[in-house]
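Take a look at the following structure, please.
Whatever order the structure lists ligands and atoms in, that order sets their numbers, starting from 1. Heads up: numbering here begins at 1 and tracks the sequence. On a predicted model such as this, the values are computed, not experimentally measured, just so you know.
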Amino acid sequence: MTNLPKALRDRLQAEYGLRTLELVRKQGARDTTQKFLWRLADQSLIESVLIPANPALYGEASDRHTLCVSTQVGCAYGCKFCASGLEGLKRNLGVEEIVEQVLAVERWNESEKDPAAAGAVAAIGSGERRLITNIVIMGMGEPLANYDNLLKALRILNAPWGGGIGARKITISTSGLAPQIRKLADDPLQFRLAISLHGATDETRNKIMPVNRKYPLGELISACEYYQRHKGRMITFEYILIAGVNDDLREAQPLALLARRLNAKVNLIPYNHVEGLPWERPPEEKLEAFLAALEKEGTNTTLRREKGHDVDAACGQLRLRTERQLAGSAPHSGALS
Ligand code: SF4
């Protein structure tokens with residue numbers, strides 16, 4: 001743009017970038033959950049998952065589309081069952097890399113409807129109806145470990161001049177960083193909070209989530225109470241059921257007690273096997289028995305019929321598999337087709 005002064009062009013070049021996410025792979029399950037693997041400018045890989053509303057769950061077809069967004073490349077927290085933490089943390093995502101996951105999926109959707117629109121730029125703040133109506137920050141990484149970039153990105157996605165996605169339609173999920181939960185409670189925006197609990201006693205949580213040694217349950221639950229006092233919003237406990245680890249019916253009672261204390265909802269998620277890890281999903285009867293035990297205690301509980309079951313569903317698996325293929329395959333071998 002030679003009509004701009006050279007000094008300005010030099011400054012723009014030195015200080016700004018015009019980049020987008022490059023789609024490396026996409027997988028779709030039969031029930032139309034779509035998993036996207038993106039390449040960033042530094043060649044790192046991240047995932048986002050698009051989950052359309054399921055008529056079987058909501059009764060009728062709905063325009064609701066939820067995007068599960070990543071906040072880090074890899075993760076430092078090393079939960080024992082998780083593919084994202086297997087190779088540690090590479091780096092935090094920048095604000096633009098978080099926002100761009102929403103725009104890139106919307107661009108992909110436009111290009112599916114009309115291939116001529118493949119190069120079109122999904123607008124933010126254009127006032128047009130978005131494809132993505134809900135966001136869950138549950139992808140790769142511990143969101144609250146990238147607190148500042150996450151909050152800046154969510155303000156952009158929430159602002160009327162930006163994405164226009166209501167704060168109550170945005171859920172942040174954490175493995176339990178108690179101090180950051182308190183910080184989030186002091187933020188004026190009304191985001192929803194989900195806790196990746198996966199164990200209702202320190203004994204069980206310590207076995208599978210190293211973060212519990214730093215912020216044991218007592219500290220975590222007291223931070224959740226602080227959040228609730230400030231926000232007055234219901235918290236969700238995510239509980240991945242893993243065979244022989246946390247699916248014993250004796251675990252249901254302490255879980256029900258915690259849920260009652262916080263008036264929290266419990267979302268039970270059957271484990272999705274991760275290649276190279278020994279954990280397995282409990283049998284169907286065990287899942288149902290665990291659900292029934294919680295319901296008997298009066299806990300507001302759902303058992304998720306995992307929608308990504310067909311698509312390397314556990315978070316981080318598609319990236320891990322692709323990175324391993326890339327490391328082990330000659331260039332242009334077609335391994336990623
Ligand atoms: S479950 Fe979340 S916090 Fe734990 S290792 Fe995986 S991405 Fe990190």
### Message
Checking S222 against R182: is there a side-chain donor and acceptor pair closer than 3.5 Å?
### Response
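There is such a pair (donor and acceptor under 3.5 Å, judged by atom type) between the side chains of R182 and S222.
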### Message
Other residues, nucleotides and ligands only: do more than 12 of their heavy atoms fall within 6.0 Å of CD on E15?
### Response
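Result for CD/E15: enclosed.
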### Task
With heavy atoms of G78 as the reference, note each atom of ligand 1 found under 4.0 Å away.
5 (S)
### Message
Closer than 2.8 Å to atom 6 (Fe) of ligand 1: does that hold for any N, O or S atom in C82?
### Response
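Checking atom 6 (Fe) of ligand 1 against C82, an N, O or S atom does fall under 2.8 Å.
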### Query
Can you tell which part of S84 has a heavy atom less than 4.0 Å from ligand 1: side chain, backbone, both or neither?
side chain
### Task
Would you mind running through ligand 1 and noting each atom that sits below 4.0 Å from a heavy atom of S175?
3 (S)
### Message
Suppose I only count heavy atoms of C75 and a 4.0 Å limit; which atoms of ligand 1 are within that range?
### Response
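That gives atoms 3 (S), 5 (S), 7 (S), 8 (Fe) of ligand 1.
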### Test: R91 and E97 ion pair at under 4.0 Å
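Yes, charged N to carboxylate O under 4.0 Å.
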### Non-neighbouring partners of Y77 that pass ring-ring contact (aromatic ring centres under 6.0 Å, His included), sequence neighbours left out
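Per chain and number, Y77 pairs via ring-ring contact (aromatic ring centres under 6.0 Å, His included) with no residue.
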### Query
Heavy-atom contact under 4.0 Å between G141 and ligand 1?
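Contact check G141 vs ligand 1: positive.
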### Partners passing salt bridge (Lys or Arg N to Asp or Glu O under 4.0 Å) against E96 (at least two apart in sequence or in another chain)
none
